[in-house]
Colleague: 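Take a look at this one; I'll ask things after.
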Amino acid sequence: MSVLTNNLSRQIKSLDERKHRRREQAFKAEGSKCVLDTLPFFNVRHLFATKDWLAANRRDCRELSGSVIVECAGSEIAKMSSLVTPTEVIAVYDIPESHLGNGIAQKNLVLALDGIQDPGNLGTIIRVSDWFGIRDILCGTGTVDCYSPKVIQATMGSISRVRLHYGDLTEMIVASGAMRVYGTFLDGDSISDAKLTDTGVIVIGNEGNGISAEVEKSVTDRLLIPSYPEGEPTGESLNAAIATAITLAKFRGI
């Protein structure tokens, strides 16, 4: 059985932090389901797994070279893990290059995130986007890193099929070529009555502050997710991931 060097173990553990992920251009996936869901879609640097896990999942690992697979004890894996519950496998992947083509929103529906800060919210938004066929998400300043371990876990493998692009959100919306830019506001028109298109950009705002004043300038259509019954006391706002799910369901005609 291979014994990990302390240096390599510390290097993998350091991928919990964004600065180290960006420096190494790598991220990790943990747990059997998460690893098996992502394994076919990313370039694998290392696969750390117990002997029993490798034996049970030999078929899924058959395309990997022997130099990539590191058999090790569960106690060694625990030292590299960010999970509370012990796991038998950790995969380390290259962060894929992100290429945002100009005019992408002229033929597709694109999601834009204006400062989503909670990793669980972002992971769920990626998962919901995958379900509703959204393949590109624009992430503005302040949006949590999509390759953090908590986000990766929350996507349930959907990170494999959704591309995320980070940068100045206003600039990316302009570059997308969107004719319609939708945003949800408390003073918007009911999404149930609005004429929605199958192209353009949908902006989802920050959990506490909503859509920023700068990004709001790009919005052409102000939408409201109405509460029911109208006029009755209700919660102050919806969770960002829930709001995304409702909005995308409406756009897809559900």
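Hydrogens, waters and symmetry mates are skipped; everything else that's a heavy atom, side chains included, is used. Counting begins at 1 with the first residue of the sequence.
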Colleague: When clusters are formed from ILVMFWY side-chain contacts under 4.5 Å, directly or step by step, what else is grouped with Met156?
Modeller: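 Hydrophobic cluster check, Met156: no partners found.
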Colleague: Given Tyr182, which of Asp221, Thr220, Thr247, Thr197 fulfils the side-chain hydrogen bond (donor to acceptor under 3.5 Å, both in side chains) condition?
Modeller: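 Only match with Tyr182 under side-chain hydrogen bond (donor to acceptor under 3.5 Å, both in side chains): Thr197.
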Colleague: Does Ile159 reach the side chain of Arg127, with side-chain heavy atoms less than 4.5 Å apart?
Modeller: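 No; the side chains remain at least 4.5 Å from each other.
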Colleague: Can you name the side-chain hydrogen bond (donor to acceptor under 3.5 Å, both in side chains) partners of Asp118, sequence neighbours left out?
Modeller: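 Here no residue qualifies.
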Colleague: Return the set of residues passing side-chain contact (heavy atoms from CB on, under 4.5 Å) with Glu17 (not counting sequence neighbours), or none when no residue passes.
Modeller: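 Result, side-chain contact (heavy atoms from CB on, under 4.5 Å) vs Glu17: Lys19, His20.
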Colleague: Apply side-chain contact (heavy atoms from CB on, under 4.5 Å) to Leu36 and list each qualifying residue two or more places apart in sequence or on a separate chain.
Modeller: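 For Leu36 the side-chain contact (heavy atoms from CB on, under 4.5 Å) partners, ignoring immediate neighbours, are Ser32, Trp53, Asn57, Asp60.
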Colleague: Mind checking the NE2-CD1 spacing from His46 to Ile90? Nearest 0.5 Å is all I need.
Modeller: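 It is 11.5 Å, given to the nearest 0.5 Å.
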Colleague: What residues form a side-chain hydrogen bond (donor to acceptor under 3.5 Å, both in side chains) with Ser148, not counting sequence neighbours?
Modeller: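 Expected list: none.
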Colleague: Who passes side-chain hydrogen bond (donor to acceptor under 3.5 Å, both in side chains) against Ser81, sequence neighbours left out?
Modeller: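 Counting only residues at least two positions away or on another chain, Ser81 forms a side-chain hydrogen bond (donor to acceptor under 3.5 Å, both in side chains) with Glu30.
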Colleague: If you link I, L, V, M, F, W and Y whenever their side-chain heavy atoms are under 4.5 Å apart, who else ends up in the same group as Leu138?
Modeller: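 For the cluster that includes Leu138, the remaining residues are Leu100, Ile104, Val110, Leu169, Met172, Ile173, Val181, Phe185, Val201, Val203, Ile211, Val215, Val219.
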Colleague: Is there side-chain contact between Arg135 and Val162, with heavy atoms separated by less than 4.5 Å?
Modeller: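 Yes, their side chains come closer than 4.5 Å.
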Colleague: Scan for salt bridge (Lys or Arg N to Asp or Glu O under 4.0 Å) pairs involving residues 139-154, sequence neighbours excluded, and state none if there are none.
Modeller: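 Matches after skipping sequence neighbours: Arg21-Asp145, Arg22-Asp145.
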Colleague: Looking at residues at least two apart in the chain, or sitting in another chain, which of them share a side-chain contact (heavy atoms from CB on, under 4.5 Å) with Met179?
Modeller: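 With neighbours one apart ignored, the set is empty.
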Colleague: Report yes if the side chains of Asn239 and Asn121 come closer than 4.5 Å at any heavy-atom pair, otherwise no.
Modeller: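 Yes. Closest side-chain heavy atoms under 4.5 Å.
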Colleague: Taking side-chain hydrogen bond (donor to acceptor under 3.5 Å, both in side chains) as the test, write out the residues that go with Asp37, two or more places apart.
Modeller: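 So Asp37 forms a side-chain hydrogen bond (donor to acceptor under 3.5 Å, both in side chains) with Lys33.
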Colleague: Among Ile202, Thr155, Ile137, which one satisfies side chain to side chain contact (heavy atoms under 4.5 Å, CB included) with Ser129?
Modeller: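 The option that passes is Ile137.
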Colleague: Can you tell me how far apart CZ (Phe48) and CD1 (Ile77) are? Round to the nearest 0.5 Å.
Modeller: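 Taking CZ in Phe48 and CD1 in Ile77, the distance rounds to 9.0 Å.
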Colleague: Indicate yes or no: at least one non-hydrogen side-chain atom of Arg222 is less than 4.5 angstrom from one of Glu216.
Modeller: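 Answer yes - side chains close enough.
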Colleague: I'd like to check the side-chain contact (heavy atoms from CB on, under 4.5 Å) partners of Asn43; sequence neighbours left out, ordered by chain and number.
Modeller: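 Expected list: Asp94.
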Colleague: For Phe251 and Phe132, run ring-ring contact (aromatic ring centres under 6.0 Å, His included): C-alpha distance rounded to whole Å, both residues' side-chain angles, the deciding distance at 0.1 Å, then the answer.
Modeller: CA-CA 9 Å; Phe251 270 84; Phe132 286 111; over 10 Å; no
Colleague: Does some side-chain heavy atom of Thr170 sit less than 4.5 Å from a side-chain heavy atom of Lys217?
Modeller: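 Answer no - side chains too far apart.
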Colleague: Just jot down the ring pair (Phe, Tyr, Trp, His ring centres under 6.0 Å) partners of Tyr166, sequence neighbours excluded, or say none.
Modeller: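 Ring pair (Phe, Tyr, Trp, His ring centres under 6.0 Å) check on Tyr166 returns nothing, list empty.
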